[in-house]
Amino acid sequence: MKKKLFLFDLDSTITKKEILPEIAGQVQMSQQMKELTERAMRGEIPFLQSFSERVDLLKEIPVPTVRSIISQIPLNEELVEFIKENRENCYVVTGNLDVWICDLMESIGLKDHYYCSKGRTDETGEWLLGIDEIIDKGRTIRSFPHPFVAVGDGNNDAEMIGLADVGIGFGGVRPIATALLNNATHAVYTEEKLCQLLRQL
Ligand SMILES: [Mg+2]
C-alpha cells in the first residue's frame with residue numbers, strides 16, 4: 001500500500017505558541033499583533049491581509065534576531081519525535097516566512113520538507129525588505145498526492161483539513177477554529193492523543 005503523507009500546520013500545532021505574536025512580544029508590539037492575529041484566526045479579516053500587516057510590524061527586527069526568538073519557542077516535543085521518525089513522509093505547510101523559520105525546520109528534521117511564504121532580505125540577510133510570495137495553502141495542498149493526513153488548528157487550515165483523507169483538528173494549544181472543525185474527520189485535544197492517532201494511521 002502507498003505510504004500516507006502527513007502535513008502539519010506550524011503555529012500552535014508544532015509550536016506551543018503563535019510565532020508572530022511571540023516575536024512581537026520582544027519588540028513591545030504585542031497589542032497590535034494580538035489584535036491582528038485574533039481577528040485573522042476568527043476569520044474577520046482575510047488571512048493574506050492580516051499576514052502582510054503583521055509582517056510589516058516586524059520588519060524592524062533583524063532577521064537573525066527573529067530566528068533566535070523562534071528557536072526559543074517551546075515545541076510539542078512528542079509530535080516533533082513523530083515527525084523526526086517519519087520525516088520522509090512529513091511536511092509542514094505554513095504561512096510563515098522562509099527566512100525566519102528555516103533553522104526551526106532544519107532542527108525538527110524537515111529541511112526541504114516545508115512549504116511557506118517567501119521573504120526578501122537585503123544582501124546581508126540582516127533585514128527583511130518585504131514579502132515576495134504569500135503561500136496559498138489550498139493550492140499547495142492540492143499538489144500533494146493522496147492519501148494524506150493533515151493536522152491544524154486555525155481558520156486558515158480549514159481548507160487543508162477538508163482536502164485531506166484524514167483531517168485532524170488539534171486543540172492542544174488553543175481552541176480549534178470552528179471552520180476547521182466543520183471540515184475535520186477527527187478532533188483531538190491533547191498532544192498524547194494526537195500522537196496515538198497519528199501512529200495508528
Ligand atoms: Mg496554527
Side-chain angles (χ1 to χ4, degrees), residues 6-25 30 33-55 57-58 66 69-80 82-83 90-98 100-102 104-105 107-108 110 113-117 134-141 144 148-164 166-191 193-195 197-198:
F6 295 89
L7 316 187
F8 297 93
D9 166 47
L10 179 60
D11 287 64
S12 300
T13 295
I14 294 174
T15 64
K16 285 185 189 282
K17 291 177 172 174
E18 290 287 307
I19 292 176
L20 296 190
E22 196 58 22
I23 302 166
S30 294
M33 181 61 72
K34 192 166 172 231
E35 241 161 69
L36 285 168
T37 304
E38 294 299 328
R39 290 181 64 203
M41 299 296 285
R42 290 195 301 265
E44 288 173 15
I45 44 176
F47 177 77
L48 296 188
Q49 181 193 332
S50 96
F51 183 73
S52 308
E53 288 177 18
R54 284 179 285 161
V55 168
L57 274 182
L58 303 179
V66 172
I69 295 168
I70 291 175
S71 74
Q72 304 298 316
I73 296 177
L75 306 176
N76 286 315
E77 294 294 348
E78 197 186 336
L79 180 58
V80 169
F82 175 87
I83 289 171
C90 290
Y91 293 85
V92 160
V93 182
T94 174
N96 281 289
L97 296 184
D98 54 350
W100 286 348
I101 64 166
C102 49
L104 173 62
M105 292 297 98
S107 78
I108 65 171
L110 293 185
H113 271 230
Y114 62 101
Y115 293 83
C116 63
S117 302
I134 298 183
I135 191 173
D136 180 336
K137 277 194 177 186
R139 208 175 60 197
T140 304
I141 301 306
F144 276 91
F148 63 82
V149 178
V151 185
D153 70 301
N155 197 69
N156 67 323
D157 300 316
E159 190 179 11
M160 165 168 93
I161 298 298
L163 290 167
V166 180
I168 306 171
F170 176 55
V173 176
R174 43 182 299 144
I176 304 170
T178 309
L180 188 160
L181 270 182
N182 291 340
N183 288 352
T185 58
H186 298 70
V188 290
Y189 296 87
T190 65
E191 186 189 4
K193 282 268 185 308
L194 173 63
C195 293
L197 175 57
L198 291 175

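Both ligands and their constituent atoms are indexed starting at 1 by order of listing.
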Q) Does Asp9 bring an N, O or S atom to within less than 2.8 Å of the Mg ion (ligand 1)? A) yes

Q: Could you tell me whether the side chain of Tyr91 reaches within less than 4.5 Å of the side chain of Leu110, counting heavy atoms only?
A: no

(Q) Using a strict threshold of under 4.0 Å (side-chain N to carboxylate O), is an ion pair present between Lys137 and Asp9? (A) yes

Q: Compute the centroid of each ring, for Phe8 and then for Tyr114, and state whether the two points are separated by less than 6.0 Å.
A: no

Q: For the Mg ion (ligand 1), find the closest N/O/S atom on Asp11 and give its atom name.
A: O

Q.
Below 2.8 Å, can you find an N, O or S atom of Asp153 next to the Mg ion (ligand 1)?
A. yes

**Q.** Least distance between heavy atoms, Leu75 atom then Lys16 atom
**A.** O-CE, 3.3 Å

